[in-house]
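To start, the structure under review is shown below, and the notes come after it.
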Amino acid sequence: MPMTLAEKILARAAGRDSVKAGEFVVADVDLALVHDIFAARVFDTLRKVGFDKVWDPDKVAVVIDHMVPAPTAEAADVHHRIREHVKRLGIGTFYDSGEGICHQLLPEQGHVRPGMLIVGTDSHTTTYGALAAAGTGIGTSEMVYAMATGRLWFRVPETLRYEFSGALQRGVSWKDVILHLAGTFGSDGAQYRSMEFGGPGVATADVSSRLTVSNMALEMGAKFGLFAADEITAEYLGEADTSWAPDPGAAYEAVHQIDLSTLPPQVALPHDVGNVTAVSDAAGIVIHQAFIGSCTNGRIEDLRAAAAVLAGHKVAPGVRLVVAPASRSVLLKAIEEGVAETLVQAGASILAPGCGPCFGGHGGLLGPGERCIGTHNRNFIGRMGSAEAEIYLASPETVAASAIAGTITDPREIQR
Amino acid sequence: MSENMIRGRVWRFGDDISTDLLSPGQFALDPLEVRMRHVLESINPSFAQDVKPGDVVVAGANFGCGSSRETAAENLKALGVACVAAGSLSRIFMRNAIAVGLPILICPGIGDAFAEGDPIEIDLAAGTATNTATGTTCTGEALPEEMRRILAAGGILEVLRLDGGTRPG
């Protein structure tokens with residue numbers, strides 16, 4: 001029976017020839033990710049329920065990324081406890097404070113391969129769908145179960161297929177594409193579904209772009225956000241496995257056609273990721289902070305795109321530009337290429353690689369009445385500090401252009 | 001009263017109640033006693049103080065959207081919320097609620113059937129919610145057996161204790 005990509009991966013992980021949407025399966029987990037908000041809690045609980053070890057230390061990744069460098073003594077203590085757990089349990093993959101964001105490091109450092117089933121205590125674990133891996137977020141109790149047994153229950157999701165044609169206009173990026181989808185179908189438009197991205201247009205999306213799209217599939221409620229493995233995936237991974245693709249004739253709940261060439265730059269307005277409009281419709285809204293970073297858009301490609309807009313310009317008076325590279329290697333590349341210099345010359349503050357501002361922990365929070373436009377993935381009330389602040393989401397190009405103007409601005413209007 | 005029946009008083013919320021509202025990031029590392037005092041404070045500052053054990057949260061679509069943070073479900077349970085009944089639930093929140101033993105009901109349109117403070121009767125096995133003041137019944141989805149089994153055990157860690165990790169969960 002023909003299967004969608006989600007069905008194929010879950011069938012393989014469940015040791016079955018085939019599965020279909022709606023079934024419950026118990027599947028083996030290929031990789032389990034925990035980060036510093038939840039790692040200590042997971043490992044403490046694991047011990048409390050009587051397990052002194054994880055099922056397979058080589059299939060566990062621990063990343064300290066949300067509170068780096070530790071902003072409080074309490075956070076530093078949590079990090080200390082995590083390091084002790086990692087040592088005690090013999091965990092194979094550990095990225096300590098300052099290495100970067102989990103969803104950047106795992107693909108970047110080669111831990112993600114097509115066909116894998118990956119669970120993480122972070123909702124944006126859907127990011128790995130960019131490399132044809134079924135990644136999805138779970139809570140801490142479920143992670144304890146997975147750490148103890150290597151297994152977890154899954155409901156095989158229905159799949160929504162998105163077929164792209166054409167190519168993006170200059171100044172428009174794949175961040176605009178996923179914002180457009182959230183705006184068109186709503187922030188629950190893919191609730192508990194697998195999103196499958198395909199069609200001839202995906203050949204124009206590099207892995208960085210795909211990581212952005214799969215990352216924000218979660219913002220439409222998706223369980224997975226999958227691209228098939230193709231030549232672009234193979235080149236990124238340095239291997240030729242392009243076998244992880246949906247079967248012809250697979251059953252979809254719906255198939256949507258999107259012509260990339262018609263899309264202008266997009267922005268999500270407060271306080272819903274699905275509250276999306278063209279940047280030109282929001283032009284002129286005054287901003288106080290611009291943020292470039294996060295697991296959505298903190299890669300070197302994003303920093304380059306922002307620097308290309310910012311080069312030769314200064315950030316508007318009264319605007320803070322905060323940049324958080326997604327990993328140490330991204331920061332190093334930005335330094336080597338002169339991208340970091342361009343950003344700092346324009347007025348940026350560069351933070352240590354990590355998640356701080358995006359999840360509202362530290363490193364650029366907002367006061368009452370302030371507005372921030374950022375490249376991150378969420379604009380919920382209270383997300384970045386004050387509940388009376390407003391968050392707008394856009395591409396690195398749009399955020400850079402807005403930082404220069406001091407108001408929300410279409411990047412195509414900024415002249416070099 | 002069977003374990004499938006819940007009777008309580010309604011706290012009414014709209015669409016897209018996020019995990020940032022249910023478990024604000026600034027308190028992510030705080031102990032449960034602190035976290036539970038900040039539940040929904042950005043949109044209803046009196047909720048965490050005035051909610052009573054047995055009360056029911058009724059909401060619109062996409063309840064629990066956002067982060068993996070299980071604390072969103074755990075905080076509600078700690079406040080004594082007996083059930084979350086919503087038009088739709090985010091996938092991660094739904095899994096987390098089951099994992100911590102917080103009953104849930106998905107009932108499209110339920111937001112329109114209740115006002116703040118209304119008496120509610122929920123039958124989890126039948127998947128219904130009745131407004132006992134108006135007599136209106138909203139029929140939703142009965143939970144699949146796999147989910148009810150975990151709920152009945154008191155959460156997935158209880159299942160793990162029972163299984164000892166030796167049997168599939």
Side-chain angles (χ1 to χ4, degrees), chain A residues 24 26 37-38 40-41 45 48-51 55 66-67 72 74-75 78 120-125 136-145 148-153 155 157 186-188 191-193 218-219 221-223 271-274 359-361 365 378 380-385 387-388, chain B residues 15-21 24-30 38 41-43 45 60-74 87-101 106 144-147 149-150 155-161 163-169:
Chain A
F24 283 79
V26 174
I37 302 290
F38 298 125
R41 183 181 157 110
T45 309
K48 209 182 296 172
V49 295
F51 289 82
W55 97 102
H66 274 61
M67 299 170 297
T72 63
E74 189 192 18
V78 167
T121 53
D122 190 275
S123 57
H124 295 104
T125 303
T136 197
I138 61 172
T140 42
S141 295
E142 295 206 306
M143 183 56 84
V144 171
Y145 192 98
T149 65
R151 294 186 299 268
L152 203 58
W153 68 269
R155 182 184 174 281
S187 49
D188 58 353
Q191 191 85 273
Y192 224 126
R193 309 295 195 272
L218 180 274
E219 302 305 331
K223 173 173 191 156
H271 298 284
D272 174 8
V273 183
F359 92 106
L365 303 195
R378 272 189 195 138
F380 300 159
I381 294 173
R383 173 82 176 169
M384 293 181 82
E388 292 160 53
Chain B
D15 294 342
D16 303 310
I17 299 300
S18 73
T19 50
D20 280 278
L21 294 172
Q26 301 96 298
F27 311 105
L29 288 181
D30 288 323
H38 298 282
E41 68 180 356
S42 291
I43 53 168
N62 204 24
F63 187 91
C65 58
S67 301
S68 290
R69 54 187 85 156
E70 182 179 289
T71 48
E74 189 192 27
S88 68
L89 291 164
S90 96
R91 171 191 157 267
I92 296 176
F93 180 84
M94 183 173 174
R95 285 195 74 119
N96 282 339
I98 292 161
V100 304
I106 298 175
E145 193 268 331
E146 289 86 349
M147 296 186 187
R149 188 173 72 88
I150 298 169
I156 197 162
L157 293 180
E158 289 305 315
V159 174
L160 182 60
R161 278 199 190 96
D163 288 358
T166 57
R167 283 188 290 134

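All chains are named by letter (A, B, ...) in the order of the sequence lines, taking the proteins before the strands, and each is independently numbered beginning at 1. Owing to the predicted nature of the structure, the values given are computational and were not obtained by experimental measurement.
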Side chain, backbone, both or neither of B:Glu74 within contact of chain A (heavy atoms, under 4.5 Å): side chain
Chain B contacts, top residue of A:Val273, A:Ile37, A:Ile138, A:Leu365 (heavy-atom pairs, under 4.5 Å): A:Ile138
Counterpart residues, side-chain hydrogen bond (donor to acceptor under 3.5 Å, both in side chains), relative to A:Ser123 (two or more places apart): A:Arg378
Leading residue by heavy atom contact count with chain B [cutoff under 4.5 Å; candidates A:Ala75, A:Gly139, A:Ala40, A:Ser141]: A:Ser141
Among A:Ala387, A:Ser187, A:Gly50, residue most engaged with chain B (heavy-atom pairs, under 4.5 Å): A:Ser187
Value rounded to 0.5 Å, distance of NE2 in A:His124 from OG1 in A:Thr136: 11.5 Å
Contacting moiety of A:Thr45, where chain B heavy atoms sit under 4.5 Å: side chain
Top contributor to chain B interface from A:Met143, A:Arg41, A:His66, A:Glu219 [non-hydrogen pairs under 4.5 Å]: A:Arg41
Portion of A:Tyr192 that has a non-hydrogen atom of chain B nearer than 4.5 angstrom: both
B:Asn96 side chain to B:Ser68 backbone, donor-acceptor under 3.5 Å: yes
Test side-chain contact (heavy atoms from CB on, under 4.5 Å) applied to A:Lys48 and B:Leu157, step by step: CA-CA 10 Å; A:Lys48 209 182 296 172; B:Leu157 293 180; over 6 Å; no
Part of A:Thr121 lying under 4.5 Å from any heavy atom of chain B: backbone
Lys/Arg N to Asp/Glu carboxylate O, B:Glu158 vs B:Arg161, below 4.0 Å: yes
Contact winner vs chain A - B:Arg95, B:Met147, B:Glu70, B:Glu41, heavy-atom pairs under 4.5 Å: B:Arg95
Donor-acceptor pair between A:Gln191 and B:Asn62 side chains, under 3.5 angstrom: yes
Chain A interface, residue from B:Ser67, B:Ala99, B:Ala72 that has the most non-hydrogen pairs under 4.5 Å: B:Ser67
Selection from B:Ser90, B:Gly25, B:Ser42 maximising heavy-atom pairs under 4.5 Å formed with chain A: B:Ser90
Main-chain N/O of A:Gly137 paired to B:Arg91 side chain as donor or acceptor, under 3.5 Å: yes
Mutual orientation of the aromatic rings belonging to B:Phe63 and B:Phe93 [parallel < 30°, tilted 30-60°, perpendicular > 60°]: perpendicular
